[in-house]
Amino acid sequence: MAHGTGNSRRTGIAVFVALLLLTAVTVLVSYVDLGLWNAVVALLIASVKASLVALFFMHLKGESRLVWGFALVPVLFLALILLGTLSDTLLR
Amino acid sequence: MSGHSGEHADPAVAFESAKLGVWTFLATEVLLFGALFTAYTVFRMKYPELFRAEHAKLDRVLGAVNTVVLITSSLMVVFGVDAIKRGKARLFEACFGATILLAAVFLCIKYLEYTAKFHHGIYPRTNLFFSIYFMLTGLHGIHVLLGMGLLSYVIILSRRGRFSASYYTPAEMSGLYWHFVDLVWIYLFPLLYLIG
Amino acid sequence: MEGVGRMEAEGNGRGYLAERGWRSWAFTLDHKRIGAMYLWTTIFFFLAGGLFAMLLRLELLSPQARYFSNHAYNVFFTLHGAMMIFLFIIPAIPSGLGNFFIPLHIGARDVAFPRLNLASYWVFAAGFLVIIGSLVAPMDTGWTFYTPYSAKSAAAVTTLSLGIFLIGMSSILTGLNFIVTIHKLRAPGMTWHRLPLFIWGMYSTSIIQVIATPVVGVTFLLLAAERILGVGFFDPAKGGDPVLFQHFFWFYSHPVVYVMILPAMGIVSEVIPVFSRKPIFGYKAIAYSSVAIALGGFLVWGHHMFTSGMSPLANTIFSLMTFFVAVPTAVKVFNWTATLYRGSITFEAPMLYALTFIFLFIVGGLTGPFLGALATNVQLHDTYFVVAHFHYTMMGGTVMGFFAGLHYWFPKMTGKMLNEKVARAAWALIFVGFNVTFFTMFIVGVRGMPRRYAEYLPKFQVENVISTIGSAVLAAGILVMCWNFLHGLRKGAPAPANPWRALSLEWRAASPPETENFHEIPHVTDWPYGYGTPKA
C-alpha cells in the first residue's frame with residue numbers, strides 16, 4: 001500500500017485542521033439553545049469528524065471492500081442493540 | 001517449535017492478515033462502547049431534565065482541550081507511520097513519543113476533572129448521569145492507558161531496529177488502535193459535555 | 001482425488017505429539033496442541049458440571065428439600081449452568097476441535113496468529129481459575145445473574161464477573177483468529193465454495209463471538225461497578241432498570257446459543273456424507289444458512305424477556321423474529337435428510353451421534369416456537385419446559401455433535417482407533433438415558449413445575465424420579481465413553497491416515513499430523529464431498 005508519502009503528511013494536516021475547525025464549531029453551537037436540534041447537530045458534526053478520522057487517518061479510503069465490511073458491519077450491530085433496547089424502554 | 005512457516009513468509013499476506021485482525025478487534029470495541037452508549041441513550045431519554053442539569057457541571061472548555069489533545073495525538077501517529085514507511089526510525093519514535101506525551105496530558109486533564117468532581121462530592125454513585133459519565137470516560141481512559149503501553153512497546157521494538165520501510169506492521173496496527181481511541185472520544189465529548 | 005497432492009505417510013509416528021515436556025505444551029504455538037489443551041480442559045468442566053447436575057437430580061427425587069438446603073440447591077444449579085455454558089459448551093467445539101482442524105481443513109500450517117492463539121488459552125485458564133476462586137462464596141443467582149439479586153447477593157459476584165470477562169476475552173481472541181485465518185490462509189484453489197461445511201459453521205460462529213461477546217463483557221463490568229462503585233444502571237431505587245441488564249445479557253446470550261450449535265452442525269455436515277457415501281445435498285444452502293443463523297440469531301434476544309415487562313411492540317417484534325430464525329435451521333435438516341436418502345449408510349459411532357443430533361435437535365427445535373409464541377410463553381416461561389427445550393438443543397444437539405466430532409476425529413488427533421463396540425454401547429446408554437432424563441421435563445413443565453426450586457408439588461414426583469433414573473443411565477453412558485477414550489489413547493489400534501475414507505484435507509495428513517500439518521501445501525481443485533463416485 002504505497003501512498004505518495006508527501007501526500008500523506010499534507011492530507012494529514014488538512015484533515016487535522018478540518019477536525020479542529022469542526023471541534024470549534026460544535027463547541028460554539030453548544031452555547032446556543034436549539035432545543036432538540038443541539039443533539040442532532042452535535043452528533044452530525046461528530047459523525048463527520050469520525051468519518052474523517054476513519055477515512056484518512058485510518059486509511060479506509062483506498063481499502064478493499066473486505067476491510068470496509070469489517071469496519072461498517074459492527075456499526076450495524078450497534079444500531080441493532082440501540083434500537084432493539086429502545087423499542088422496549090421508550091415504549092413501556 | 002511449530003511449523004507455521006510457508007504462508008507467513010509472504011509479507012503482503014502477513015500485513016493484510018494483521019490489518020484484518022486489527023479491524024476485527026476494533027469491531028469488538030465498537031460493541032463494547034456501544035453497549036455503554038445504549039445505556040446512555042436509554043437513561044437520557046428517560047431522564048432528560050437530569051441530564052440537562054448535570055451535564056452543565058462538566059467543564060466544556062476542558063473537554064474541548066482534551067478533544068484537541070487527542071486529535072493532535074492522532075496527527076502525530078499519522079506522521080509517525082509516514083516516517084517509518086520512509087525508513088526513518090528515529091523520526092517515527094519521536095512522533096509516537098509525542099503521541100504518548102499528549103495521551104499523558106489527556107489523562108492529567110481527566111484526573112483534574114475527576115478530582116474536582118470528587119471534591120464537590122460528586123461520585124459515580126451520585127446519580128445516573130455521573131454513573132454514565134464516569135463509566136464511559138473511565139473505560140475510555142483505560143483504553144488510553146493501554147494505548148500508551150502499546151505505543152511504548154512499539155517504540156521499544158523500533159529502538160531494537162525491527163522496523164524499516166519494508167516492515168512496519170506493528171507501527172501501523174497500533175496506529176489504527178490509537179485512531180479508534182480518538183474516534184470514541186469524538187463521540188463521547190458532545191454526548192457528555194455538549195448536549196443539554 | 002485428482003491432482004491435489006499425494007497422501008502423507010501412513011506412518012504412526014508421534015507427529016505433533018513427539019516433543020515432550022510441560023514447556024512444549026505450555027508455550028506451544030501449534031494449533032493442534034492448543035486445541036488439545038482446550039479439549040482436555042473443557043471435557044473436565046463437562047464432567048464437573050455434570051456432577052452438579054447429578055446432585056440436582058438427587059435432590060429432585062423428593063418433593064421436599066431433603067438432602068440439601070435451598071441455598072445449596074441454588075448454588076448447584078448456578079454452578080451447573082455457569083460451568084456447562086462458559087467453561088464447556090461455548091469453548092469446546094470452537095476452541096477445541098476448531099483450533100485443531102480449521103488449519104487442516106483449509107490446507108494451512110497454522111492459524112493466522114499463533115501467539116494470540118496461545119494467549120487465548122492462558123486467558124481462558126486465568127478465567128476459570130478466577131471462577132473457581134469465586135467458589136469461596138459460591139454463586140446462587142442462576143447462571144443468568146439477573147439484577148437486582150446479583151447486585152446484592154452475598155456471593156462473590158464481582159470475582160465471578162472478572163472470571164467471565166476473561167473467558168469472554170478468550171472467546172473473542174479465538175473468533176478473531178479464525179475469521180482472519182479463514183479469509184487469508186486458504187490453500188491455493190480453496191475457494192469459498194470448496195470449503196468444508198465445518199469451516200462455514202466456524203466462520204459464522206466466529207462472527208457471533210466477535211460481535212456479541214463484548215456486550216456481555218460490559219454487562220459484567222457494569223454489574224461489578226454496581227456492587228463496587230454503587231452505580232445504579234440496574235437499580236430501580238437509583239432510577240435504573242433491571243430489565244436493561246436483561247437486554248445486555250441476552251444480546252450476547254441468545255446469539256451464543258448459535259455459537260454452541262453452529263460448530264456442531266458443521267460436524268454433522270462433515271459426518272453425514274462420509275457415512276452415507278453420498279455428496280452433501282445442498283452445499284450452498286447449508287453454507288449460507290450458517291451465516292443466516294448467525295445473523296438472524298442477533299434479532300431475537302427479547303424472547304427470553306417476554307414476561308419481564310417489555311413494551312408490547314418489543315414483545316411482538318422479538319416473537320416474530322423468533323419464528324423467522326427457525327427457517328435456516330430447518331433448511332439444514334432437510335439437506336441432511338436428502339443427503340441420507342439413498343445413501344449407503346453405515347452406523348459407526350460418529351454416524352450414530354450425528355443421526356442422534358438430527359433427531360434430538362428436531363425435538364428441541366420444535367419446542368422452541370411454543371416458547372417463542374407470546375401467549376404460550378406466559379404459561380411456559382421459567383418452567384421445566386424451558387429446561388427440557390434447551391437440554392434437547394444444547395445437549396441433544398451440541399453435545400451429541402461434539403461426541404460425533406470426537407469419535408470421528410479421534411484417529412486423526414491421536415493416531416489410535418477407538419473400540420467401536422464399546423463406543424456403540426456407550427452411545428446406547430447415552431441415547432436412552434438422555435431421553436428418559438429430559439423428556440419427562442416437557443411434561444411436568446407444561447403441567448406447571450417451575451425451574452430452579454429444590455421443592456415441588458408432590459404431583460410431579462413420578463416424572464422426577466423417572467428423570468433421575470434416566471440421569472444415572474446417561475451418566476453411566478458418559479463414563480463408559482470417557483473410559484473408551486482413555487483406553488483408546490493408551491491401547492487403541494494404530495490408526496491409518498484415513499480410516500473413514502473421507503475427502504476433506506485433514507485426512508491427507510498423517511494420523512497424528514506432523515507439526516507442520518502437510519509436507520507440501522495441497523493445491524485444491526474440487527470440493528470435499530465427491531462421495532459415491534469411483535474415486536471415493
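All figures in this text were calculated on a predicted structure; none of them were measured in a lab. In what follows, every heavy atom counts, from backbone to side chain, and hydrogens, waters and symmetry copies are set aside. Numbered from 1 within each chain, the chains take letters A, B, ... in sequence-line order.
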Could you walk me through whether A:T26 and A:V41 pass the side-chain contact (heavy atoms from CB on, under 4.5 Å) check? CA-CA 8 Å; A:T26 198; A:V41 169; 5.8 Å; no
[X] versus chain A, the contacting section by heavy-atom distance below 4.5 Å:
X	answer
C:F251	side chain
C:V210	neither
C:N315	neither

Please flag which part of A:L90 lies under 4.5 Å from any non-hydrogen atom of chain C: side chain, backbone, both or neither. neither
Using heavy-atom distances under 4.5 Å, tell me whether A:T89 contacts chain C through its side chain, its backbone, both, or neither.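 Side chain of A:T89 only, per the 4.5 Å heavy-atom cut-off to chain C.
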Classify the angle between the aromatic ring planes of C:Y203 and C:H183 as parallel (below 30°), tilted (30 to 60°) or perpendicular (above 60°).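 Plane angle over 60°, so perpendicular.
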For the residue pair C:F220 and C:F145, is the inter-centroid distance of their aromatic rings smaller than 6.0 Å?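 Ring-ring flag for C:F220/C:F145: true, centres closer than 6.0 Å.
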Below 4.5 Å, heavy atoms only, C-beta onward: do C:S150 and C:L223 meet side chain to side chain? yes
Got C:T205 and C:F178 here, is their nearest side-chain heavy-atom distance under 4.5 Å? no
Residue, of C:I211, C:I179, C:L295, C:L299, that accumulates the most heavy atom pairs under 4.5 Å with chain A: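 Maximum pair count with chain A is reached by C:I211.
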